[in-house]
Amino acid sequence: GAGVSQSPSNKVTEKGKDVELRCDPISGHTALYWYRQRLGQGLEFLIYFQGNSAPDKSGLPSDRFSAERTGESVSTLTIQRTQQEDSAVYLCASSTDYEQYFGPGTRLTVT
Amino acid sequence: AQSVTQLDSQVPVFEEAPVELRCNYSSSVSVYLFWYVQYPNQGLQLLLKYLSGSTLVESINGFEAEFNKSQTSFHLRKPSVHISDTAEYFCAVSYDSNYQLIWGAGTKLIIKP
């Protein structure tokens, strides 16, 4: 079946603009994760959705970052007033258990 | 705080030589352990996992990892590497039942011809 998809694959934006990144998880996966991967670094956890429970937002780096998920489907990660340090690959993953399935990521470049 | 340590950011090794990528975690309570791999210009994918049972787990492409509770380690090994193993390898640990993973910083495996 279809894997996790993310859009756009690449996004170049000017400093100060808002961006919205989209993730379509695998159908039936109750858990959804957003991560950030800066160049040459590991995965930085941002936010976790599990079913209808309140999301775990403990990894969001500032109040400029927010995310929503509609039921057990699409999720959007919004970054307001982007800064150059927000430049990174943003990864989405979904799961039903311990194995996480990753999307290809969105490469965000803030100029 | 719970953490995962991958001591080596890069490991260069000659083709057909053995390799070990190290992973240590911070607690000896019940854990579930994973190695994920990220090939160049590709997404992350699961390589192997330990949930219970045999402490030695294997992947389909010849990698193996051993859960060592006393040393809180889950090192990844391969007896003979191939150029196609060039990738970044991430160790991850779950300490609880809500499936969240704590990630290591990754180790780049560089295969020298």
Side-chain angles (χ1 to χ4, degrees), chain A residues 2-10 21 23-26 28-60 67 69 72 88-107, chain B residues 1-11 21-25 30-53 57 59-60 65 67 74 87-110:
Chain A
V4 178
S5 61
Q6 293 186 245
S7 61
S9 55
N10 282 283
L21 313 180
C23 172
D24 279 276
I26 294 172
H29 281 196
T30 56
L32 187 147
Y33 308 80
W34 282 99
Y35 296 95
R36 179 168 68 180
Q37 188 176 26
R38 288 194 168 112
L39 187 63
Q41 299 187 23
L43 275 71
E44 178 185 2
F45 166 75
L46 296 177
I47 189 168
Y48 160 61
F49 296 90
Q50 173 61 273
N52 294 319
S53 302
D56 178 351
K57 303 180 182 180
S58 60
L60 294 178
R69 186 181 186 193
E72 293 184 356
V89 175
Y90 289 82
L91 294 168
C92 174
S94 70
S95 73
T96 57
D97 55 26
Y98 292 101
E99 180 171 356
Q100 295 186 15
Y101 294 80
F102 283 81
T106 294
R107 183 175 299 277
Chain B
Q2 293 155 341
S3 63
V4 177
T5 302
Q6 291 183 248
L7 291 169
D8 306 301
S9 59
Q10 292 189 66
V11 172
L21 306 183
R22 295 179 291 171
C23 173
N24 289 86
Y25 56 94
S30 234
V31 293
Y32 306 97
L33 300 157
F34 306 82
W35 278 98
Y36 280 76
V37 59
Q38 188 173 31
Y39 297 104
N41 301 314
Q42 294 188 30
L44 274 153
Q45 55 189 282
L46 181 68
L47 182 63
L48 48 75
K49 61 185 176 186
Y50 168 79
L51 300 181
S52 65
V57 292
S59 72
I60 59 172
F67 168 47
F74 190 56
E88 187 159 17
Y89 293 80
F90 293 89
C91 181
V93 177
S94 180
Y95 291 94
D96 56 35
S97 60
N98 70 0
Y99 305 141
Q100 287 198 64
L101 299 179
I102 298 174
W103 294 83
T107 298
K108 288 187 174 63
L109 179 59
I110 300 166

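Contacts between Ile102(B) and chain A at a heavy-atom distance below 4.5 Å are absent for every atom of the residue. For chain B, the nearby part of Tyr35(A) is the side chain; its heavy atoms alone come within less than 4.5 Å. For Gln42(B), no part lies under 4.5 angstrom from a heavy atom of chain A. Interface remark: Thr96(A) contributes backbone atoms only to the contact with chain B (heavy atom separation under 4.5 Å).
Note on residues 95-106 of chain A: pairs passing salt bridge (Lys or Arg N to Asp or Glu O under 4.0 Å), not counting sequence neighbours, are Glu99(A)-Lys49(B).
Considering all non-hydrogen atoms of both residues, Phe90(B) and Gly42(A) come closest at CE2-CA, 3.7 Å.
Taken to the nearest 0.5 Å, the CD atom of Gln100(B) stands 4.5 Å off from the CZ atom of Phe45(A). The distance from atom CH2 of Trp103(B) to atom CD of Gln37(A), rounded to the nearest 0.5 Å, is 9.5 Å. From Leu101(B), atom CG reaches atom OG of Ser95(A) across 8.0 Å, with rounding to the nearest 0.5 Å. Atom CD in Gln100(A) sits 8.0 Å away from atom CZ in Phe34(B) (nearest 0.5 Å).
Among the residues in residues 2-11 of chain B, none has a non-hydrogen atom closer than 4.5 angstrom to a non-hydrogen atom of chain A.
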